[in-house]
Amino acid sequence: MNDVLPAGRRVGRRAVLAGLAGAAAVPWARPAAACAAGTVVFRDGFETGTFDAWDVESVEGNGTQAVVPDPAGSGELVARFTLPNDGVSFRSELGKDQFEWGRYVYQLSIFVPADWVVFERGSILAQWHGYRFADGTSTYPPLALNAYQNLWRLDLARLTGPNTATKQFFTLGSLSGSYGRWTKWVFDITWSTPDSDGLVVITRDGTEVLREAGANNYHQQWSPHFQTGIYRSEWRPGNSWPTGGPDVVVCHRDIVVTEY
C-alpha cells in the first residue's frame, strides 16, 4: 500500500487546515450547471520556477523534481519528475494539504514522453490519499490516476471493514495515444461522507470518461489530500524488482483546484 508521503528527501508540510472534522458534505447529486462559478483555492502553473506553492516535496531515493521548459515546445515552464530504476527510488511527488470536505474540481495536464516504456504494474501519476487506519494499517489512496500497462486507469478504494479496503479499477482510455503530447485531465470530486454518497466525474481532453457515484474515501477525520508526480510501489526497496533500464520521466503543468 502507498503510505502518505513518508520520510525521504522532502520538505515538510507548511500548513494543515484546522477544523475539518464534522464539516458538512456537499450532496453528490448537485449538477455542475448549478454552480456557475467556483472559488480557486490552489493554482500553480510553475511560472515562478519553484515549488513554493506546495506543502510537500517528496523524493524517495534518487529521483528528481525540477521546473523546466515545456518539452512540447510551448515556451512555458512545467514540472518534470524523474525516477531511476536503481532499486531504491520509487517516489517523486509534490503534495498539497487537504481541503475541507465538499466538492472540488482538480485540473491538471500530464505529458508522457514518446519513449515511455510500458510498466506492467502501473505508475501512479496523481492521487488523493487518506491516512492510516486506527490500527496503524497503511492504506491505498482512495483515488489514483494510474498509467497501467498501456491504459489510463482510475484506481478507486472503498472500505470493506473498519481497517480494510478493496480497490476497483476503471479504464479511462488508451495510454499510447497520449505519448509525446499533453493530456488534460479534469477530476470533479464530491467527497462521500458516512451519510451521503460522493461522485467522481473525470474528463480527458474535454471528453467525459467516467462518472462514478458512491463511497470514494475512508470517511476519516480529514478529507484526502492531493499528491502528483510519479509513484511506483513495485520499486520500493525490498520488492526485488529487476533494476536497470531508462529513467521514468513525466511532466505536469496547469494545476488548478476549484471549490464549489
Side-chain angles (χ1 to χ4, degrees), residues 2-5 10-32 34-46 51-58 79 93-110 124-133 139-145 154-159 165 184-203 210 212-229 231 252-260:
N2 177 6
D3 291 331
V4 53
L5 294 173
R10 61 178 282 181
V11 176
R13 295 187 181 278
R14 299 186 177 97
V16 177
L17 298 178
L20 303 186
V26 179
W28 72 259
R30 182 173 60 174
C35 303
T39 300
V40 173
V41 293
F42 178 75
R43 182 194 302 271
D44 196 3
F46 305 107
F51 298 126
D52 289 348
W54 296 84
D55 298 306
V56 177
E57 301 165 32
S58 181
E93 288 186 306
L94 300 173
K96 188 64 187 168
D97 283 338
Q98 70 276 15
F99 299 105
E100 296 184 6
W101 294 100
R103 177 188 172 205
Y104 296 85
V105 175
Y106 289 76
Q107 301 177 63
L108 68 152
S109 294
I110 298 176
I124 291 178
L125 304 186
Q127 58 177 312
W128 291 260
H129 214 294
Y131 313 89
R132 288 180 178 269
F133 288 132
T139 59
Y140 301 116
L143 299 174
L145 177 64
L154 180 76
D155 299 354
L156 189 157
R158 290 184 167 121
L159 285 172
K184 182 175 181 178
W185 294 94
V186 179
F187 297 83
D188 188 338
I189 303 169
T190 299
W191 295 116
S192 63
T193 74
D195 302 318
S196 64
D197 281 347
L199 180 67
V200 178
V201 180
I202 301 175
T203 64
L210 181 70
E212 177 68 14
N216 56 25
N217 66 89
Y218 302 134
H219 303 149
Q220 296 172 304
Q221 183 177 5
W222 300 288
S223 67
H225 55 87
F226 180 59
Q227 300 170 200
T228 193
Y231 173 76
H252 293 208
R253 73 176 185 187
D254 300 331
I255 300 175
V256 180
V257 185
T258 306
E259 180 182 8
Y260 288 91

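Position 1 is the first residue of the sequence, and the numbers go up from there.
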Query raised in the report: Any donor-acceptor pair under 3.5 Å linking the side chain of Asn216 with the backbone of Thr190?
Result: yes
Query - Value rounded to 0.5 Å, distance of CG in Leu154 from CH2 in Trp185 - result: 9.0 Å
Report summary line: Looking only at heavy atoms, the pair that brings Ala165 and Phe133 closest together is CB-CZ, 4.4 Å
Query raised in the report: Distance-only, no hydrogens or angles: does the Arg158 side chain make a donor-acceptor pair with backbone N or O of Ala215 under 3.5 Å?
Result: yes
Query raised in the report: Taking the side chain as C-beta and beyond, is there a heavy-atom pair between Leu145 and Leu108 under 4.5 Å?
Result: no
Query - Closest non-hydrogen atom pair between Asn217 and Pro142, with its separation - result: CA-CB, 3.8 Å
Requested in this report: Indicate the atoms forming the closest heavy-atom contact of Trp101 with Gln221, along with that distance.
Outcome: NE1-O, 3.5 Å
Query raised in the report: Do the side chains of Tyr140 and Asp155 get nearer than 4.5 Å, heavy atoms only?
Result: no
Query raised in the report: In a check of side chain to side chain contact (heavy atoms under 4.5 Å, CB included) between Val257 and each of Asp44, Val41, Val40, which one passes?
Result: Val41
Query raised in the report: Leu125 and His252: which non-hydrogen atoms are nearest, and at how many Å?
Result: O-CE1, 3.0 Å
Report task. Kindly say whether the aromatic ring centers of Phe226 and Phe99 come within a distance under 6.0 Å. Result -> no
**Report entry** Spacing of CG belonging to Asp188 relative to CG belonging to Leu210, to within rounding of 0.5 Å
**Finding:** 11.5 Å
Report summary line: Nearest heavy-atom contact between Ala126 and Thr228 is CB-OG1, 4.1 Å
Query raised in the report: Is a donor on one side and an acceptor on the other found under 3.5 Å between the side chain of Asp197 and the backbone of Ser192?
Result: no
Query raised in the report: Does Tyr218 use its side chain to pair, donor to acceptor, with the backbone of Pro224 at less than 3.5 Å?
Result: no
Report task. Over 60° means perpendicular and under 30° means parallel, so classify the ring planes of Tyr106 and Tyr104, tilted if in between. Result -> tilted
Query - Gap separating the CG atom of Asp55 from the CD atom of Gln98, nearest 0.5 angstrom - result: 8.5 Å
Query - From CD (Gln107) to CG (Asp254), nearest 0.5 Å - result: 9.0 Å
Report task. Look at the rings of His129 and His225 and say which category their plane angle falls in: under 30° parallel, 30 to 60° tilted, over 60° perpendicular. Result -> parallel
Query - Under 3.5 Å donor-acceptor, Tyr131 side chain and Ser223 backbone - result: yes
Report task. Find the distance between CZ (Arg103) and OG1 (Thr258) and round it off to the nearest 0.5 Å. Result -> 9.5 Å
